[in-house]
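As structure tokens, the structure follows; a few thoughts come after it.
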Number of protein chains: 2
Amino acid sequence: MHHFVRKLEHFVRLSGEDKVALSRFGSDIRQFRVREDVIREGDAPKVLRLMMSGWCCRYKTLEDGRRQIVGFFLPGDLCDLNTFILREMDHSIAAITPVTLAQIPPDLFNEVTLAHPRLLQALWWEALVREAIQREWTVNLGQRDALERVAHLLCEVFIRLRCVGLTEGNSCEFPITQADLGDTTGMTTVHVNRTLQEMRARGLIVLKGKTLVIPDLDALQQVGLFNPNYLHLEREGAHLDTNEA
Amino acid sequence: MHHFVRKLEHFVRLSGEDKVALSRFGSDIRQFRVREDVIREGDAPKVLRLMMSGWCCRYKTLEDGRRQIVGFFLPGDLCDLNTFILREMDHSIAAITPVTLAQIPPDLFNEVTLAHPRLLQALWWEALVREAIQREWTVNLGQRDALERVAHLLCEVFIRLRCVGLTEGNSCEFPITQADLGDTTGMTTVHVNRTLQEMRARGLIVLKGKTLVIPDLDALQQVGLFNPNYLHLEREGAHLDTNEA
DNA sequence: CGTCCCCTTGAATGAAGTCAATACGCGTGG
DNA sequence: CCACGCGTATTGACTTCATTCAAGGGGACG
């Protein structure tokens with residue numbers, strides 16, 4: 001839950017009361033195993049889900065088996081505000097690592113946000129950022145070549161992790177296999193591998209086991225033509241801040 | 001405005017009162033010329049925009065000039081519920097054809113939707129569908145080859161136009177240049193051209209001037225691995241219908 | 001009737017995919 | 001403790017899809 005609070009505070013400063021209200025979202029906790037589906041295309045979305053720990057991915061599969069990962073959920077991410085409006089999921093969500101998430105019934109969500117409008121705005125901010133990320137992924141796949149694509153993805157993930165306090169200096173966990181990276185970037189595993197080799201050779205990354213080190217984030221951003229503005233992290237909602245200290 | 005109503009009614013049946021309320025959104029109308037920017041990356045979003053007629057595109061540009069179109073706005077589309085939460089735009093919107101759109105001040109929007117909750121749900125549905133479309137574009141760019149990509153795009157556009165009554169039988173307007181198609185599908189104009197040639201040769205499309213004919217939509221869907229479920233068009237919100245006839 | 005924009009076509013090049021074999025790392029069980 | 005097996009990573013040779021460069025054509029409009 002603290003990841004979530006930490007993230008929302010990139011948008012507005014929350015009051016103590018707001019935080020207490022948020023803590024009510026943590027009452028129904030569920031675990032998922034590696035590779036387990038959290039929800040599948042066609043299922044009816046019944047609850048809101050909040051990532052407490054671990055990594056998930058959102059993905060779609062074509063009839064012939066091709067798979068595209070269309071997003072990552074990191075700790076502190078909310079899986080789809082409001083989806084319960086829709087009758088069925090048009091995509092699936094799977095656990096990449098062991099995952100803990102909070103399930104929030106729509107009624108509870110409505111009750112809490114009705115009483116805390118600033119909180120609701122922070123949640124909308126979260127949703128708008130997720131949309132912006134999705135657009136950026138479209139740009140990534142449409143315009144960038146292999147090296148740029150992977151560099152851009154690594155920058156995004158690193159910065160998102162840093163926002164929730166999950167980096168240590170210039171390193172972070174990176175539990176994604178090369179096959180999954182391929183399904184994310186629209187490349188084959190072979191080509192992902194070669195691209196990573198090149199990035200290592202250029203000293204842009206150190207990636208070993210499940211740990212990623214980015215010796216020079218600026219350099220990596222440059223290679224990936226990464227501009228973080230789409231993450232809207234600069235306390236844009238400061239005008240909504242509480243007066244309370 | 002009727003396009004908008006027609007579209008929302010794919011989700012819930014609106015009461016006469018709802019429709020009257022919606023008509024209040026049409027008080028501030030603006031025109032844009034071909035290729036004119038509606039709003040630019042970096043600008044502050046101040047109003048909600050509703051497409052009355054014409055086509056717009058949402059796009060992002062990289063420093064080195066590469067451009068990716070990340071979405072089309074067709075008549076009846078709403079350009080970003082809620083963006084006024086964000087301080088600045090992370091992308092631009094441009095008119096592809098002459099465009100008429102309604103500008104809705106946030107206050108008016110809040111007032112109207114507060115009084116008409118079912119309307120608000122329909123608007124959320126609209127926003128969620130837009131997100132789903134964005135995800136599908138990610139899949140399109142990541143997994144499909146040139147032919148599939150273009151076929152998929154044409155299916156989507158055709159069906160979205162049909163939803164708002166802008167098709168006639170199996171034909172519709174299609175004012176997109178091949179260069180813009182390239183920026184949309186992540187291909188060069190040359191390759192777009194060759195791909196269209198092949199589609200014509202296979203009898204999948206007749207595309208001449210700004211008119212598109214799809215002789216056999218099923219066939220085109222098959223080629224594009226197009227599954228319309230992500231458009232959520234099946235009156236999913238029927239349980240919210242008004243009792244009023 | 002010329003100009004501008006858009007579409008079309010050909011030939012050469014290049015980036016990424018395919019196929020296939022091999023190597024590594026790690027947990028399990030003999 | 002070592003052998004085995006499985007998932008993941010790596011590498012090489014070849015192919016294919018898409019880009020690049022460059023030149024020409026066609027139509028709308030002033």
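Side chains included, hydrogens not; waters and symmetry mates left out as well; all remaining heavy atoms used.
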Which heavy atom of A:Gly26 sits nearest a heavy atom of A:Ala102, and at what distance?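 Nearest heavy atoms, A:Gly26 then A:Ala102: CA-CB, 4.3 Å.
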Please report the closest heavy-atom contact between B:Pro215 and B:Ile205, naming both atoms and the distance.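 Shortest heavy-atom separation between B:Pro215 and B:Ile205 comes out as CD-CA, 4.0 Å.
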Where along residues 62-75 of chain B does a heavy atom come under 4.0 Å from DNA chain C, residue by residue in number order?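 Under 4.0 Å from DNA chain C: no residue of residues 62-75 of chain B.
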Can you pull every protein N or O that's under 3.5 Å from an N or O on nucleotides 23-26 of chain D?
none

After noting the C-alpha distance and the side-chain angles of A:Leu48 and A:Leu81, does the key distance pass the side chain to side chain contact (heavy atoms under 4.5 Å, CB included) rule? CA-CA 6 Å; A:Leu48 274 159; A:Leu81 213 49; 4.2 Å; yes
With heavy-atom distances below 4.5 Å as the criterion, would you say the side chains of B:Ile214 and B:Asp216 are in contact?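 A side-chain contact under 4.5 Å is absent here.
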Should A:Asp80 and A:Arg58 count as side-chain neighbours, where that means a heavy-atom distance under 4.5 Å?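 Touching, per the 4.5 Å side-chain cut-off.
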Counting only pairs under 3.5 Å, give me each side-chain donor-acceptor contact of residues 155-165 of chain A, with atom names and distances, residues two or more places apart or in other chains.
residue, atom, partner, partner atom, Å
A:Glu156, OE1, A:Trp137, NE1, 3.1
A:Glu156, OE1, A:Tyr230, OH, 2.8
A:Glu156, OE2, A:Trp137, NE1, 3.1
A:Glu156, OE2, A:Arg160, NH1, 3.0
A:Arg160, NH2, A:Phe72, O, 2.9
A:Arg160, NH2, A:Asp77, OD2, 2.8

Could you give the distance from [atom1] ([X]) to [atom2] ([Y]), rounded to the nearest 0.5 Å?
X        : Y        : atom1 : atom2 : answer
B:Ile69  : B:Ile176 : CD1   : CD1   : 6.5 Å
B:Asp145 : B:Thr185 : CG    : OG1   : 11.5 Å
B:Cys57  : B:Ile93  : SG    : CD1   : 9.0 Å
B:His3   : B:Arg6   : NE2   : CZ    : 8.0 Å

side-chain contact (heavy atoms from CB on, under 4.5 Å) involving [X] - partner list, sequence neighbours excluded:
X        : answer
A:Arg194 : A:Val190
B:Asp28  : B:Gln103
B:Gln197 : B:Asn193, B:Arg200

Please list all pairs passing the salt bridge (charged side-chain N to carboxylate O under 4.0 Å, His left out) test where one or both residues lie in residues 201-212 of chain B, with sequence neighbours left out.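 Qualifying pairs: B:Glu198-B:Arg202.
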Terminal contacting nucleotides, 5' and 3', DNA chain C versus chain B (heavy atom, 4.0 Å):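 Result: C:dC6 to C:dA11.
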Is there a donor-acceptor pair under 3.5 Å between the side chain of A:Thr195 and the backbone N or O of A:Leu147?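 Pair absent, no side-chain N/O of A:Thr195 close to backbone of A:Leu147.
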May I ask you to check whether B:Gln134 and A:Thr138 show a side-chain donor-acceptor distance below 3.5 Å?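 Result is yes, a qualifying pair exists.
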Under the rule for side-chain hydrogen bond (donor to acceptor under 3.5 Å, both in side chains), what residues qualify as partners of A:Asp183, not counting sequence neighbours?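 Scan of A:Asp183 (side-chain hydrogen bond (donor to acceptor under 3.5 Å, both in side chains), adjacent residues dropped) gives A:Arg67.
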Got a list of protein N/O to nucleotides 28-30 of chain D N/O distances below 3.5 Å?
none

Which nucleotides of nucleotides 7-18 of chain D have their base under 4.0 Å from a protein heavy atom (B), which only their sugar-phosphate (S), and which neither (-), written as one string 5' to 3'? -SSBBBB----S
Note, DNA chain D 5' to 3' with Watson-Crick or G-U pairs under 3.5 Å encoded as ( ), [ ], | and . gives |||||||||||||||||||||||..|||||
